[in-house]
Amino acid sequence: MPILSSRARRVACVALAAVTLAMLALPETSAAAGPVRYAAPKLATSVSGLLATATATITASVPVTASMAGVCVRNSAGAVRDFPFRAVALKPAGTVLTATRQLYPGRYTVWACAKVDGGWNDIGAKRTLVVADPGATRSYPKPVARPGAAYPSGVPMPVGNLPGWKQVFSDDFTTPVVLGGFPGPYKSKWLSYNGFADTSGNGRYNQKIISMHNGQMDLYLHSEKGVPQGAAPVPLVGGRWGGQKYGRFTVRYRADWTPGYGAGWLLWPDSGHWNDGEIDFPEGGLSQTQEAFNHCVGHARDNCLVVNTGVTFVDWHTATIEWSPRGVFYILDGKTVASDTRNIPVKALHWVLQTGTSGNKPAASTTGHVLIDWVSIYTRA
């Protein structure tokens, strides 16, 4: 065996020390540490109308960072309907995550989940979440006229001017009109789209579905010979067709839970040119929730504002579009739920209570009523 020189021995010792230090610096391997263990000791859900809320507590055996964590959701067909996720640190002590989203009626499977290092982890037991159909669980008989109860919705129509606004039109439908008799005595105040396809193309506008009874306008949504019937009442301010530049438009209404039908109550340009502006409120399927839209002036195929109120149509509500040089404001039951102070139409718009199919063709057996207690229109004072 050769004998190493002193210099060679020093080099060998330095190399051995470097290898030893490198080995000591290596992290523990996964085999030594074991995989991260996750748990969900708490998962609670609640439902209010169509809004579901989920709260999950997620623990990790060692601290890790999840790029997404929360509650996974699948509907009965397996489609993804997850609650909004968050990026969070998961700890042994537990991390609490709460989120809310709209879910349509049906049965769902929910569980806690987290994405760590690019991989998803299903955590804890799976549970069932049920969102009830408001139309199936609640009864809405037609209001009956009673002495001293002039307004079926319980809220009287405003009469007279408001600060900054002059009332130029109002109607609370005190004169009865039988089904098929519209416009009748209302011909100087109202007309409706009639005899052509609705916006989705699945139904037709038919003014014969409009009646007035018990102090309300009634739109009877149903199919005739397999074709869904809708209507689009238009108020005639001063007895004439046409709108105005700026205004305040208020309506008191409710609708039956009617899948396949929807409301798109809007301000539409007198010019007929879409790019002059379009303001929609309320808009949405009658089995969904009410939304507010403001189409971009000059490129109306784009929306400069979209807000989902999370509120269904099945109870009585009061909606107001307030449009002035300072902006467009969307007011639901006295609360401003959306506003746009940048994209403001400057040409005359008129009001249309457009009601028809909402996209998919409704079943021929589907029927429902949209009830309007009163409407009121103002111009700037």
Side-chain angles (χ1 to χ4, degrees), residues 169 171 173 182-183 186 189-211 216-223 227-237 241-244 247 249-256 258-274 276-295 300-301 303 305-306 309 313 317 319-321 323 328 330 332 345 348-362 366 368-377:
F169 181 95
D171 203 344
F173 313 112
F182 180 87
Y186 290 86
K189 297 189 72 173
W190 290 90
L191 55 76
S192 173
Y193 293 175
N194 188 52
F196 55 90
D198 63 14
T199 302
S200 79
N202 289 315
R204 292 185 68 79
Y205 293 120
N206 178 3
Q207 67 180 18
K208 291 182 178 180
I209 73 168
I210 301 173
S211 64
Q216 61 198 342
M217 176 186 281
D218 184 341
L219 312 183
Y220 172 41
L221 305 175
H222 66 288
S223 290
V227 179
Q229 306 293 300
V234 180
L236 304 176
V237 179
W241 169 269
Q244 59 195 51
F249 306 82
T250 301
V251 56
R252 179 77 175 166
Y253 60 96
R254 77 157 200 83
D256 293 331
T258 318
Y261 291 92
W265 296 356
L266 74 158
L267 296 176
W268 180 256
D270 283 6
S271 66
H273 298 302
W274 192 16
D276 286 344
E278 178 186 342
I279 303 170
D280 306 78
F281 184 63
E283 179 173 334
L286 300 183
S287 61
Q288 300 174 12
T289 51
Q290 304 179 47
E291 296 182 287
F293 289 85
N294 195 13
H295 292 256
R301 291 188 180 277
N303 290 309
L305 176 140
V306 180
T309 67
F313 287 85
H317 295 287
T320 297
I321 297 172
W323 164 43
V328 181
Y330 305 79
L332 184 63
L349 307 177
H350 58 271
W351 200 19
V352 185
L353 305 182
Q354 185 173 268
T355 310
T357 56
S358 58
N360 296 325
K361 186 176 181 179
T366 299
H369 295 262
V370 176
L371 302 178
I372 300 171
D373 192 1
W374 49 259
V375 300
S376 184
I377 301 175

Next item on the list: Return yes if some donor-acceptor pair links the side-chain N/O of His350 with the main-chain N/O of Trp268 below 3.5 Å, else return no.
Entry: yes
Checklist line | Backbone of Val375 reached by a side-chain donor or acceptor of Asp171 within 3.5 Å | finding: no
Checklist line | Qualifying salt bridge (charged side-chain N to carboxylate O under 4.0 Å, His left out) pairs with a residue from residues 198-211, counting only residues at least two apart or across chains | finding: none
Next item on the list: List for me each residue that meets side-chain hydrogen bond (donor to acceptor under 3.5 Å, both in side chains) alongside Trp323, sequence neighbours excluded, and say none if there are none.
Entry: none
Notebook entry, point to check: Hey, is the main chain of Arg252 close enough, under 3.5 Å, to the side chain of Asp373 for a donor-acceptor pair?
Noted result: no
Margin query: Between Phe249 and Trp265 (judged by ring centroids, cut-off 6.0 Å), do the two rings come close enough to count as a pair?
Written below: no
Item checked: Sequence-distant partners of Thr289, side-chain contact (heavy atoms from CB on, under 4.5 Å), two or more places apart -> Leu50, Gln102, Asn308, Thr312
Checklist line | Residue pair His369 / Asp256, side-chain donor-acceptor N/O under 3.5 Å | finding: no
Checklist line | Ser287 (side chain) donor-acceptor with Thr258 (main chain) under 3.5 angstrom | finding: no
Margin query: Please tell me whether Trp351 and Phe169 form a close aromatic pair, meaning their ring centres lie under 6.0 Å apart.
Written below: no
Margin query: Main chain of Tyr205, side chain of Gln207: is a donor-acceptor contact present, judged purely on distance under 3.5 Å?
Written below: no
Check: Is a side-chain donor or acceptor of Ser376 paired with a backbone partner of Trp374 at a separation under 3.5 angstrom?
Finding: no
